[in-house]
Amino acid sequence: MSWPQPQATLISPNFIITSPEHPYLSSAVNRYLNLIKNEQYRPQVTPSVNITTSPLLTLSISVDNLFTLLHHGVDESYTLTIPANVSMANLTAQTVWGAMRGLETFSQLVWGKPSIVAVGLYVWDSPLFPHRGLILDTSRNYYGVDDILRTIAAMSGNKMNVFHWHITDSHSFPLVIPSEPDLAAKGSYGPQMQYSPDDIKNIVQFGLAHGVRVLPEIDSPGHTGSWAEAYPEIVTCANMFWWPAQTEWVDRVASEPGGTGHLNPLNPKTYQVLKNVITDVVNLFPEPFYHAGADEIIPGCWKADPTIQSFLSKGGSLSQVLEKFVNNTLPFIVSLNRTVVYWEDVLLDDLVKVESSFLPPEHTILQTWNNGPNNTKRIVKAGYRAIVSSSEFYYLDCGHGGFLGNDGQYDQPDGGKTGNGGSWCGPFKTWQTIYNYDITYGLSEEEAKLVVGGEVALWSEQADPTVVDARLWPRTSAMAEALWSGNRDETGKKRYSEATDRLNEWRYRMVSRGIGAEPIQPLWCIRNPGMCNTLNPFM
């Protein structure tokens, strides 16, 4: 970015945006034109600029390729030129998706009442990582369609491009599957807590209009207790108490309460139902990635099933049970022209995992969530592409305590320690923790090329629509900036200090746009830049 002389000019009352006709770009142009004319955002710290005399009348957009689809790796670069004392600015991009990113940048360069815009400005911009996502779990607690749309809109404002939708889990099955309607009818929290095919179409189209892919996750074979409401015969350990009394942790049947159950890979009917689900999900979601889960296989759950007990008694192993499952599902998903995303467990779990020969790297992406950079290293070293969601840095639900109803660790009359506040992944992940995480840390240059990007995650044991905005924002904005433009300056130094001021101001603009982002500092700090810093390092 080059802005040698801070200047600005008025946005003309007759300001227009000209662009090629395209269903999603035209929608974005109309949306941003309304925002630019009517937002009239008042910065907390007003920029010091010289006002030029020539109002800006036009933003002209040109796109080289109008037909490039919103798929992984799409070109999102753009060039934005806003000359001084000229009535027209220019935005050029290779694709409509890059043009959308440029429109967002332009909108953030407009402020005040009457509206003015920075001029004498040249921006060339593109992301460091092609995959910049957010996971929302809608099984443990339900989120309405409006909550999802608002989240996608906020993602677009932060130049994020993947809404990873963890739709189903053991707790509930809210997705209406046309060929298997009983799954939602019996497995959801109720008729008002389901997502219909029309809802899915609305969300997917809204995502496209905002440059955000909607990536569905149907987790299996674990995390499928809710399937037992419709098909108890294909689910092992269904509706058992998650950690039976007088048993060791290793003998549990689930890692948390809420609808125990795993699909049974030794029951042929499992694949009849699951392939119907996969086929319908692929038809509902045009996204070329399909997230198949495969995390947290709990040995005790499969061992509770007589058919699996018999298989084990004949010398079989639980890893072989999982291999049978993967071998019956991965090729089917690939046959539907999808790349399969799995959680890291499928390859890295200590107890139940498959050999790499079952996971062809050309068709498989693995997503990290444990052991920080170490597991990322293991994945890419094995030749797989990686999506980084390290819980130590990117899990937004952490630090809010546990949710067990009779947890005795909080009975500490002397104020003793309660671990991480009862949260397995505590403490709370501050925006600084998120911003400073280098997702390619410890990797060689070649290994780093296999890291496609990262995703923050909001698991919803203790989140729902009443708190979702504040749990997500502006901490997710910290990851969004780090994955788009990096967390270091031109000299290689971490730039979290200057990011503080930038994130403060952006948080207030998000609030003005209807996103309930939480504050990161008192208003006094924002109005007195630098005065809330420390001059002494904390050890």
Side-chain angles (χ1 to χ4, degrees), residues 22-24 65-76 94-97 129-133 135 152 161-168 175-180 183 195 197-209 211-221 263 270-295 323-343 346-347 354 356-367 379 383-387 450-453 455:
H22 181 279
Y24 301 123
N65 191 337
L66 290 170
F67 304 105
T68 304
L69 299 176
L70 183 59
H71 289 174
H72 174 71
V74 69
D75 190 329
E76 297 176 272
Q94 292 292 316
T95 69
V96 298
W97 320 109
F129 292 93
H131 187 110
R132 307 173 308 280
I135 305 165
I152 290 173
N161 63 358
V162 181
F163 176 65
H164 172 169
W165 190 357
H166 185 88
I167 312 177
T168 66
L175 178 63
V176 176
I177 301 293
S179 65
E180 297 288 353
L183 286 169
Y195 304 107
D198 283 345
D199 292 332
I200 302 304
K201 182 178 180 181
N202 182 16
I203 290 166
V204 167
Q205 291 301 311
F206 187 89
L208 290 170
V212 176
R213 298 153 48 202
V214 181
L215 166 57
E217 180 185 355
I218 306 297
D219 203 349
S220 65
L263 294 183
T270 294
Y271 303 109
Q272 296 174 21
V273 176
L274 182 54
K275 287 181 179 181
N276 285 340
V277 171
I278 293 169
T279 300
D280 280 1
V281 169
V282 165
N283 289 332
L284 288 167
F285 295 88
E287 164 59 36
F289 288 1
Y290 178 98
H291 204 304
D295 61 314
E323 287 173 353
K324 180 177 179 65
F325 182 85
V326 170
N327 208 36
N328 275 279
T329 53
L330 185 148
F332 179 73
I333 299 168
V334 171
S335 75
L336 299 175
N337 297 313
R338 293 298 186 266
T339 294
V340 186
V341 185
Y342 289 118
W343 290 103
V346 73
L347 184 71
V354 305
S356 59
S357 59
F358 289 85
L359 303 170
E362 66 271 23
H363 298 306
T364 308
I365 297 174
L366 298 180
Q367 184 161 8
I379 287 168
Y384 292 97
R385 289 166 287 172
I387 297 169
L450 290 173
V451 176
V452 300
E455 295 178 357

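No hydrogens, no waters, no symmetry mates; every other heavy atom, side chains included, goes into these values.
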- Task: Check for a donor-acceptor pair, side chain of Asn161 on one end and backbone N or O of Arg132 on the other, with a separation under 3.5 Å.
- Result: yes
- Message: Quick check for you: to the nearest 0.5 Å, what is the distance between Ile218 atom CD1 and His166 atom NE2?
- Response: 9.0 Å
- Message: I'd like to know whether Val340 forms a side-chain contact (heavy atoms from CB on, under 4.5 Å) with Val334, so could you lay out the CA-CA distance, the side-chain angles of the two residues, the decisive distance to 0.1 Å, and finally the verdict.
- Response: CA-CA 7 Å; Val340 186; Val334 171; 4.1 Å; yes
- What's the verdict on side-chain contact (heavy atoms from CB on, under 4.5 Å) for Leu347 and Leu366, showing C-alpha distance, side-chain angles and the deciding distance? CA-CA 9 Å; Leu347 184 71; Leu366 298 180; 3.7 Å; yes
- Message: Run the side-chain hydrogen bond (donor to acceptor under 3.5 Å, both in side chains) test against His131 and tell me which residues pass, sequence neighbours left out.
- Response: Glu455
- What's the verdict on side-chain contact (heavy atoms from CB on, under 4.5 Å) for Trp343 and His291, showing C-alpha distance, side-chain angles and the deciding distance? CA-CA 8 Å; Trp343 290 103; His291 204 304; 3.3 Å; yes
- Task: Report the residues that fulfil side-chain hydrogen bond (donor to acceptor under 3.5 Å, both in side chains) with Tyr342, sequence neighbours left out, ordered by chain and then residue number.
- Result: none
- Task: Output the distance between atom CG (Leu215) and atom NE2 (His72), rounded to the nearest 0.5 Å.
- Result: 11.5 Å
- Task: List for me each residue that meets side-chain hydrogen bond (donor to acceptor under 3.5 Å, both in side chains) alongside Glu287, sequence neighbours excluded, and say none if there are none.
- Result: Arg213
- With sequence neighbours left out, the residues meeting side chain to side chain contact (heavy atoms under 4.5 Å, CB included) with Val176 are Ala184, Gln194, Pro197
- Got a second to check how far Ile167's CD1 is from Leu175's CG, nearest 0.5 Å? 5.0 Å
- By side chain to side chain contact (heavy atoms under 4.5 Å, CB included), Gln272 pairs with (sequence neighbours left out) Lys269
- Task: Please identify each residue that fulfils ring-ring contact (aromatic ring centres under 6.0 Å, His included) with Tyr271, with sequence neighbours left out.
- Result: none
- Separation between CD (Gln205) and CD1 (Ile200), nearest 0.5 Å, reads 12.0 Å
- Pairing residues for Tyr195 by the ring-ring contact (aromatic ring centres under 6.0 Å, His included) criterion, not counting sequence neighbours: Tyr142, Trp165
- Task: State which residues pass side chain to side chain contact (heavy atoms under 4.5 Å, CB included) with Glu323; sequence neighbours excluded, sorted by chain then number.
- Result: Gln320, Val354, Glu355, Phe358
With a cut-off of 3.5 Å and sequence neighbours excluded, list every side-chain donor-acceptor pair involving residues 278-286.
{"from": "Thr279", "atom 1": "OG1", "to": "Lys275", "atom 2": "O", "distance (Å)": "2.8"}
{"from": "Asp280", "atom 1": "OD2", "to": "Ser179", "atom 2": "N", "distance (Å)": "2.7"}
{"from": "Asp280", "atom 1": "OD2", "to": "Ser179", "atom 2": "OG", "distance (Å)": "2.8"}
{"from": "Asn283", "atom 1": "ND2", "to": "Thr279", "atom 2": "O", "distance (Å)": "3.2"}

- Note on the structure: Residue set satisfying side chain to side chain contact (heavy atoms under 4.5 Å, CB included) with Ile365, at least two apart, ordered chain then number -> Phe289, Thr339, Val341, Arg385, Ile387
- Message: Please check: side-chain N/O of Asp219 versus main-chain N/O of Ala294, any donor-acceptor pairing under 3.5 Å?
- Response: yes
- From His363 atom NE2 to Ile333 atom CD1, the distance as rounded to the nearest 0.5 Å: 12.0 Å
- Query: Listed by chain and number, what are the side-chain hydrogen bond (donor to acceptor under 3.5 Å, both in side chains) partners of Asn202, not counting sequence neighbours?
  - Reply: none
- Message: I need the Leu263 CG to Phe325 CZ distance, nearest 0.5 Å.
- Response: 5.5 Å
